[in-house]
Amino acid sequence: MTMNIDTTHMQRCIELALKGEFSSKPNPRVGCVIIKDGQVIAEGWHQFAGEVHAEVHALNQANQSAEGASLYVTLEPCSHHGKTAPCCDSIIAAGIRKVVFGMIDPNPEVAGKGISKLKAAGIEVVGPFLADKCAELNPGFIKRMTSGLPYVRCKMAMSSDGRTAMASGESKWITGAEAREDVQLWRARSSALISGIGTILADDPSLNVRLDEFEVRQPLRVICDSQLRLPIEAKTLKTPGEILLTSAIEKEFDAAENTIADLEQVCLSNNENKIDLHALLSFLAKEKECNEVLVESGSTLAGAFIKAGLVDEIILYMAPKLLGHNGLPVFTIPGLESIEDQIALEYSDVSLLGKDCRMRVRVLNN
């Protein structure tokens with residue numbers, strides 16, 4: 001019975017954590033529930049970076065009632081001073097009797113120290129509990145803390161015969177409204193969107209999130225433009241938000257006076273006079289604290305990310321249409337000459353969105 005009760009409370013914590021799905025970045029999504037005498041007395045989740053964490057959010061609701069209660073949380077409570085005080089100190093001061101945590105914090109500044117601090121204060125600590133489910137909340141935060149790189153998703157829309165556009169480049173719209181709305185959700189949970197100059201020149205996208213019903217922190221817009229061909233009249237430059245313009249040449253981009261976006265430029269060249277994609281992701285993780293990155297580009301840049309082993313997951317939207325063998329391919333990946341060169345994938349989810357099919361697949365060759 002105890003296991004069933006603990007499962008129920010931790011699942012509720014996971015639901016609460018998802019309330020910060022679009023807003024907690026660069027911090028992890030965390031949910032918390034406080035239980036006393038078998039009843040839920042407070043709930044909390046991490047809403048915005050720099051504001052109180054999930055545990056303190058819940059403790060503030062519980063107030064004096066927290067003494068002697070049990071606290072459930074998806075992530076080990078922090079024990080260090082960051083933008084806020086340590087959650088462990090608040091838990092101890094509130095008189096919490098027991099803490100059940102979902103997973104150990106991968107941040108090396110915490111990583112078990114929070115558990116040790118709680119135990120030293122005489123608090124019963126149980127966990128990890130439902131660790132795999134809790135880890136699913138924060139693939140990007142976990143990867144950034146353990147590898148120094150963000151979690152990379154690559155999004156592509158294609159016809160049923162694997163084409164992204166006609167030979168002429170015409171592509172609006174392959175997929176329906178439901179699929180395009182779903183893309184907005186993936187953009188919203190991402191810390192950065194990466195696109196190439198080819199896409200900018202062909203489609204002139206804004207590359208922003210358009211979700212009026214959610215409170216969303218706009219992701220960083222990253223443009224890979226090795227030779228700095230970005231036109232000053234590009235729509236994305238006239239869209240509010242931050243842009244990181246990356247190139248392979250040391251040349252200052254001449255931004256127009258009426259550019260609205262906050263533009264930063266960085267040169268990240270490799271020995272082939274192209275943008276070093278690994279260096280780019282490392283820069284995004286270290287300098288911009290990006291957890292999850294969404295690549296929305298043409299076949300060449302998407303294929304380069306895959307070829308370099310930098311893509312964790314591909315999101316494919318497939319429309320029930322045929323564009324013919326002259327259409328443009330989904331990925332351009334040089335060097336795949338024999339079956340042994342194949343890049344293995346694993347399906348994780350297949351869903352219908354209106355008339356279209358969304359397939360989420362993990363890349364196994366990384």
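Start at 1 with the first residue, then count along the sequence.
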Check: Are the side chain of N60 and the backbone of H57 linked by a donor-acceptor contact shorter than 3.5 Å?
Finding: no
Notebook entry, point to check: Between CD1 of I194 and CZ of R153, what distance do you get to the nearest 0.5 Å?
Noted result: 13.0 Å
Item checked: Polar side-chain atom of T246 near backbone of I223 as donor-acceptor pair, under 3.5 Å -> yes
Next item on the list: Determine the minimum heavy-atom distance between M145 and P108, stating which atoms define it.
Entry: SD-CD, 4.1 Å
Margin query: Between D37 and Q39 (side chain of the first, backbone of the second, donor and acceptor by atom type, cut-off under 3.5 Å), is there such a pair?
Written below: no
Item checked: Non-hydrogen side-chain atoms of C13 and V73 separated by less than 4.5 Å -> no
Notebook entry, point to check: Rounded to the nearest 0.5 Å, how far apart are CG of L59 and CD1 of I41?
Noted result: 9.0 Å
Next item on the list: May I ask you to test the F22-V209 pair for a side-chain heavy-atom distance under 4.5 Å?
Entry: no
Next item on the list: Apply side-chain contact (heavy atoms from CB on, under 4.5 Å) to T239 and L207, showing your working.
Entry: CA-CA 9 Å; T239 302; L207 293 176; over 6 Å; no
Next item on the list: Test D341 against S338 for side chain to side chain donor-acceptor pair (under 3.5 Å), laying out the working first.
Entry: CA-CA 5 Å; D341 300 324; S338 66; 3.3 Å; yes
Margin query: Using a strict threshold of under 4.0 Å (side-chain N to carboxylate O), is an ion pair present between R358 and D349?
Written below: yes
Notebook entry, point to check: Are I35 and V126 co-members of a hydrophobic cluster defined by side-chain heavy atoms under 4.5 Å apart?
Noted result: yes
Notebook entry, point to check: Can you find a heavy atom in the side chain of Q11 that is under 4.5 Å from one in the side chain of L130?
Noted result: yes
Check: If you measure from CH2 on W45 to CG on L18, what distance do you get to the nearest 0.5 Å?
Finding: 12.0 Å
Margin query: Using the side-chain contact (heavy atoms from CB on, under 4.5 Å) definition, which of the options I315, L316, V295 pairs with M156?
Written below: L316
Notebook entry, point to check: Is there side-chain contact between P205 and T199, with heavy atoms separated by less than 4.5 Å?
Noted result: yes
Next item on the list: For S297 and S195, indicate whether the former's side chain and the latter's backbone hold a donor-acceptor pair under 3.5 Å.
Entry: no
Notebook entry, point to check: Quick one: NZ on K25 to CZ on R217, what's the gap to the nearest 0.5 Å?
Noted result: 9.0 Å
Check: Are any of the side-chain nitrogens in E292 or R29 under 4.0 Å away from the carboxylate oxygens of its partner?
Finding: yes
Next item on the list: Identify the two heavy atoms, one from V110 and one from C78, that lie closest to each other, and give their separation to 0.1 Å.
Entry: CG1-CA, 4.1 Å
Check: OG/S159 to CG/D356 distance, rounded to the nearest 0.5 angstrom?
Finding: 11.0 Å
Next item on the list: Taking all non-hydrogen atoms of both residues into account, name the closest pair between E109 and S79 and its distance.
Entry: O-OG, 4.2 Å
Notebook entry, point to check: Is there a side-chain contact between D225 and I200, using heavy atoms and a 4.5 Å cut-off?
Noted result: no
Next item on the list: Take E264 and K288 through the salt bridge (Lys or Arg N to Asp or Glu O under 4.0 Å) test and state the conclusion after the steps.
Entry: CA-CA 12 Å; E264 178 182 355; K288 300 298 182 180; 2.5 Å; yes
Notebook entry, point to check: For E313 and Y151, which heavy atoms make the closest approach, and how far apart are they?
Noted result: OE1-OH, 2.9 Å
Notebook entry, point to check: Among all residues two or more places apart in sequence or in another chain, which pass the side-chain contact (heavy atoms from CB on, under 4.5 Å) test with P329?
Noted result: R163, S299, T332
Item checked: Atom of C290, atom of A192 and distance for their closest heavy-atom approach -> SG-CB, 3.9 Å
